[in-house]
Amino acid sequence: MTSDTPRDDDNAGGVSTRGLDFIRQIVVEDRQAGKNEGRVHTRFPPEPNGYLHIGHAKAICLAFGLADEHDGLCNLRMDDTNPTTESVEYVRAIKDDVRWLGFDWGDRFFYASDYFDQLHAFAVQLVEAGTAYVCDLRGPDVGEYRGMWNRPGRNSPYRDRSVEENLDLFARMRAGEFEDGSRTLRAKIDMASPNMNMRDPTIYRIRRVPHYRTGDAWCIYPMYDFTHPLSDALEGITHSLCTLEFEDHRPLYDWFLRNIDVPCQPRQIEFARLNLSHTVLSKRKLLQLVEQGHVSGWDDPRMPTIVGFRRRGYTPEAVRDFCDRIGIAKANSIVSVAQLEDAVRQDLNKRALRVMGVLRPLKLVIENYPEGQVEQVEAVNNPEDESMGSREVPFSRELYIEQTDFHEDPPKKYFRLAPGREVRLRYAYFITCREVVKDPQTGEVIELRCTYDPETRGGYAPDGRKVRGTIHWVSAAHAVEAEVRLYDHLFATINPEDVDEGGDYTDVLNPASLETLRGCRVEPSLAGAPAGSRYQFERQGYVCVDPDSTKDRLVINRTVTLRDTWARIEKARAGRQ
Ligand code: ATP
Ligand code: MG
C-alpha cells in the first residue's frame, strides 16, 4: 500500500494503520509481514558540506521519530564521499543540531568514509563477477555514449574487457597510476535502459584530493549511488528514507544490493522534500548567502538553518511540532513560513515570560508624581500559566513609552495616548496627557507631560471609570538599554528559486529583512540575562537574547511578532489587486 491518503479500512494483520502517513503504513505492514525479524532501523545521512536546515529537520523527525515509535534504532551517518566540500566544522555542527532537536543516536554515529575499505572490496567483488569494468572514456565522451532520456546509449568500447584486465586496471587506479578523470570503474547494467541511472553508472572515480578524514589514503572515491545502499546494508538499516529526487535511483540502489553479497536488504522509500516560502533550502545556495555576505553567517537569525532558528529564539519543540503538522506526503509543495511561525508562537505563548520593552522610546514625565519616589508594581509573568507567578517592576516619575503609543492628532479607533486623553499604564496607573513638548528645530515630539490618578493603582479606577487604551512603559532611571533586531523574510518573493531568466535568487533578497533598533529600553529584570533567554515583549512579539550580548551590552532578537502581521499584509495586498 503506497497511498498517502489514509483509508478507513487500512489494516495490516490486525494493527490499524488508519491516520498514518504512507511511510508509517509501510513500516507497520513490513513488521506485520515479519520482514527484518520485525526490526525497524533507520538512519539520517547528511553530507557534512553545510549546516542543517529546516528541510533536514523534517527528515530527522521522520527517521528518528519512526524508530522511536517502533522501539527501533536510528543511526546518524556522515555521508562523506565527496572529498572537496566536507569539513569537521560541519560534522560538529550537524551533531549539535540533531541533539538540539532532541534526538539521540546512542553509540551509532558513523562515517561513510569509515567504509572505504569495505566499499572497495565490494567493488572488487563486482569486477570479479564481471558486472563492473574499467572504462577509459573521458568527460564529454561519457555523456555522448550515455545517450539522452529519449535516445538509448551505446556500449562503451571498454565494456567487454576481461575480468583479469579489469582487476589489474582497477588495482592500478587505486595505486595512483592514472591521472584524475582518465578512467572510471562502472557497473555493467544496461546502456539502453529508459532509466539513465542504470546506463552503466560510475562506481569509482579518480580524484587526487585529500579527504578531511582519510587524508591521502585514497585517490579514488566511490560515488554516492554506490556508497549509499551499501552503507545502509552494512549498518543493518531496514528502511532507508530519502527525498523524492532519489526515486529514479531506487532501481540502482536495489541493483547494488542484489549484485553484492551484503548482510541485509534495506528498503528505500522516498517522500516529498520540504520547500518553505520566502527562503531557499539548498546548502549550496545557503553557503553562497554566507560567502557573499548577504547574511552574517550560517547562524544569522534570518537563515532557515537550525543554528539560525536557535539564535533567533525558536524552540526545538516548535520545530518538531511544525514537522508534525506538515506531515509526510509524496507530492512536492511549498509550505508557508507563516505555518512555522505559528508553531513558534504557540510554543512560546506557553513558556515565555512577559516583560515590558520599549522599542522606540518617547519620554513621559508624570508631573504630579513625587520626584525621587520609586514604587514596585506587580506584573504577571505569564497569564497563560499562573504557576509562573509575578514580578515587581519599578515605577517612577519619568518613564519611556512607545512612540507609536502617542498620536497628537489621533485617527478614528486610535485609543492610545493623545493630548488630553486618559489611558492605563499596564499594571500601574491611569495617566492623562497634559502637554506635548517638541524639539524647537524639528518639531518632533520629544516629551509628554502627564498627570496620574493615585487612586488607580494596579490599573483600575475605584469609581468604575474606564479607559480604552492600555500601553506598556519602563521607568527611565531603571530601564536597561538594548539593541533590538527585527527580522522580516530573507526573500521578498514566495519562491526565490522562481526568477526570470538570466536572474538569480539573490536578485529577490528582501533589502528590509533586518532592522536594527538602538537605544531601546527594557525592564530591569532583563539585565544580565544570558544569551538564549526568551521573553515576550508585551504587544511587540517574542524575543530572545542574542549571543552578541556582553556584560554591558544587551542585544535582543525579535523571534516572531505576536500575530501573523505578514499574512494580514498579504491579504490586504491581494484585496487591493
Ligand atoms: P541540499 O540540497 O540542501 O544540499 P541535500 O539533500 O544534498 O540537501 P543531504 O546532506 O544529502 O543534503 O541531506 C541529508 C538528508 O536530508 C537526505 O536524506 C535528504 O533527502 C534530506 N533532506 C535534504 N533536504 C531536505 C528537504 N528540503 N526536505 C526534506 N528532507 C531533506
Ligand atoms: Mg545530498
Side-chain angles (χ1 to χ4, degrees), residues 41-64 67 73-120 207 209-237 240-243 246 273-274 281-291 295-300 303-311 316 319-320 547:
H41 198 154
T42 56
R43 86 288 170 265
F44 174 65
E47 181 179 355
N49 61 350
Y51 282 68
L52 299 183
H53 54 60
I54 182 69
H56 295 116
K58 171 177 172 171
I60 292 168
C61 288
L62 176 62
F64 281 91
L73 300 170
C74 182
N75 297 357
L76 179 59
R77 181 200 313 148
M78 297 302 115
D79 197 342
D80 57 354
T81 54
N82 181 354
T84 55
T85 54
E86 296 157 0
S87 84
V88 282
E89 176 202 346
Y90 296 135
V91 172
R92 185 190 44 72
I94 288 169
K95 285 173 138 180
D96 280 356
D97 286 351
V98 175
R99 236 182 253 123
W100 181 81
L101 277 171
F103 298 106
D104 182 6
W105 54 86
D107 57 357
R108 293 172 316 284
F109 177 75
F110 301 112
Y111 293 95
S113 55
D114 282 346
Y115 308 137
F116 279 174
D117 283 319
Q118 180 66 65
L119 292 169
H120 178 260
R207 299 203 78 178
V209 189
H211 185 275
Y212 78 106
R213 290 192 70 243
T214 57
D216 293 328
W218 295 86
C219 63
I220 56 171
Y221 289 97
M223 301 301 285
Y224 174 87
D225 278 339
F226 175 72
T227 306
H228 203 74
L230 298 169
S231 304
D232 281 347
L234 288 169
E235 293 177 16
I237 301 302
S240 180
L241 313 176
C242 62
T243 36
F246 292 105
R273 64 192 293 125
L274 169 66
L281 291 183
S282 136
K283 284 185 282 189
R284 190 178 56 75
K285 288 180 180 158
L286 294 173
L287 176 63
Q288 207 181 341
L289 292 176
V290 174
E291 285 180 338
V295 293
S296 63
W298 284 98
D299 68 344
D300 186 300
M303 290 281 270
T305 50
I306 306 298
V307 277
F309 288 167
R310 188 181 333 175
R311 181 161 179 189
V319 176
R320 292 202 305 262

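All residue numbers in this chain count up from 1 along the given sequence.
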Asker: Checking Lys283 side chain against His53 main chain: does a donor-acceptor pair fall under 3.5 Å?
Answerer: no

Asker: What's the spacing between Leu241 CG and Phe246 CZ if we round to 0.5 Å?
Answerer: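 These two atoms lie 12.5 Å from each other.
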
Asker: Report the distance from atom CG of Leu119 to atom CG of Leu234, rounding to the nearest 0.5 Å.
Answerer: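 Going from the CG atom of Leu119 to the CG atom of Leu234 covers 6.5 Å.
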
Asker: Kindly say whether Lys285 contributes a backbone atom to a donor-acceptor pair with the side chain of Ser282 at under 3.5 angstrom?
Answerer: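 Checking the backbone N and O of Lys285 against the side chain of Ser282, a donor-acceptor pair under 3.5 Å is found.
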
Asker: Evaluate the side-chain proximity of Asp299 to Arg310: yes if any heavy-atom separation is below 4.5 Å, no if none is.
Answerer: no

Asker: Are the side chains of Thr81 and His211 in contact, using a 4.5 Å heavy-atom criterion?
Answerer: no

Asker: How long is the gap from CG on Asp232 to CD1 on Ile237, to the nearest 0.5 Å?
Answerer: 5.5 Å

Asker: Check Met78 against Tyr212 and note the closest heavy-atom contact, atom names and distance.
Answerer: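 Of all heavy-atom pairs spanning Met78 and Tyr212, the closest is CB-OH, 4.4 Å.
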
Asker: What heavy-atom pair brings Ala59 and Phe44 nearest, and what distance separates the two atoms?
Answerer: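 For Ala59 and Phe44, the tightest heavy-atom pair comes out as CB-CE1, 4.0 Å.
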
Asker: A side-chain contact here means heavy atoms from C-beta on lying under 4.5 Å apart; do Leu101 and Val98 qualify?
Answerer: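 No, their side chains stay 4.5 Å or more apart.
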
Asker: Hey, does Leu76 have a side-chain heavy atom less than 4.5 Å from the side chain of Phe110?
Answerer: no

Asker: Is the distance between the ring centroids of Tyr51 and Tyr90 under 6.0 Å?
Answerer: yes

Asker: Between Thr305 and Trp298, is there a donor-acceptor pair closer than 3.5 Å when you use the side chain of the first and the backbone of the second?
Answerer: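 Looks like yes, one N/O pair under 3.5 Å.
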
Asker: Return the minimal non-hydrogen interatomic distance between Pro48 and Ile94, and the atom names on each side.
Answerer: CA-CD1, 3.8 Å

Asker: Shortest non-hydrogen contact from Asp80 to Ala112?
Answerer: OD1-N, 3.4 Å

Asker: Go through the steps for Phe103 and Cys61 under the test side-chain contact (heavy atoms from CB on, under 4.5 Å), then give the verdict.
Answerer: CA-CA 8 Å; Phe103 298 106; Cys61 288; 4.0 Å; yes

Asker: Please work out whether the ring planes of Phe109 and Trp105 are parallel, tilted or perpendicular, with thresholds of 30° and 60°.
Answerer: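 Tilted.
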
Asker: Begin with the C-alpha distance, continue with both residues' side-chain angles, and end with the deciding distance and a verdict on side-chain contact (heavy atoms from CB on, under 4.5 Å) for Asp114 and Arg213.
Answerer: CA-CA 9 Å; Asp114 282 346; Arg213 290 192 70 243; 3.0 Å; yes

Asker: Looking only at heavy atoms, which two atoms of Pro45 and Asp79 are closest? And how far apart?
Answerer: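 Scanning both residues completely, I find the closest heavy atoms to be O-CB, 3.5 Å.
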
Asker: Please confirm whether the backbone N or O of Asn82 pairs with a side-chain atom of Glu86, one donor and one acceptor, at under 3.5 Å?
Answerer: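 Between the backbone of Asn82 and the side chain of Glu86 there is a qualifying donor-acceptor contact (under 3.5 Å).
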
Asker: Could Glu235 and Arg43 be called an ion pair, given the rule that one side-chain N must be under 4.0 Å from one carboxylate O?
Answerer: no

Asker: Return the CG to NE2 distance between Asn75 and His41, rounded to the nearest 0.5 Å.
Answerer: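 The distance works out to 3.5 Å.
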
Asker: Going from CD1 on Ile60 to OG1 on Thr42, what distance comes out if it is rounded to the nearest 0.5 angstrom?
Answerer: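 It comes to 11.5 Å.
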
Asker: If you compare all heavy atoms of Tyr115 against all heavy atoms of Ser231, which two are closest, and at what distance to 0.1 Å?
Answerer: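 Smallest interatomic distance, heavy atoms only, reads CD1-OG, 3.5 Å.
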
Asker: Any idea how Tyr221 and Phe116 line up, ring-wise: parallel (<30°), tilted (30 to 60°), or perpendicular (>60°)?
Answerer: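 Perpendicular.
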
Asker: For a 4.5 angstrom cut-off between non-hydrogen side-chain atoms, does Ser240 reach His228?
Answerer: yes

Asker: Within 45° of the ring axis of Tyr111 and under 6.0 Å from its six-membered ring centre, is that where the NZ or CZ of Arg77 lies?
Answerer: no

Asker: With a 4.5 Å cut-off on side-chain heavy atoms, are Leu281 and Leu274 touching?
Answerer: yes

Asker: For the residue pair Phe64 and Arg320, establish whether any side-chain heavy-atom pair is separated by less than 4.5 Å.
Answerer: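 Of all side-chain heavy-atom pairs linking Arg320 with Phe64, none is under 4.5 Å.
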
Asker: With a 4.5 Å heavy-atom cut-off, do Leu286 and Pro304 have their side chains touching?
Answerer: yes

Asker: Check this for me, if you would: do Asp300 and Arg311 make a salt bridge, where the nitrogen-to-carboxylate-oxygen distance has to be below 4.0 angstrom?
Answerer: no

Asker: After noting the C-alpha distance and the side-chain angles of Glu47 and Thr85, does the key distance pass the side-chain contact (heavy atoms from CB on, under 4.5 Å) rule?
Answerer: CA-CA 9 Å; Glu47 181 179 355; Thr85 54; 3.4 Å; yes

Asker: Atom CE of Met303 and atom CD1 of Ile54: how far apart are they, to the nearest 0.5 Å?
Answerer: 13.5 Å

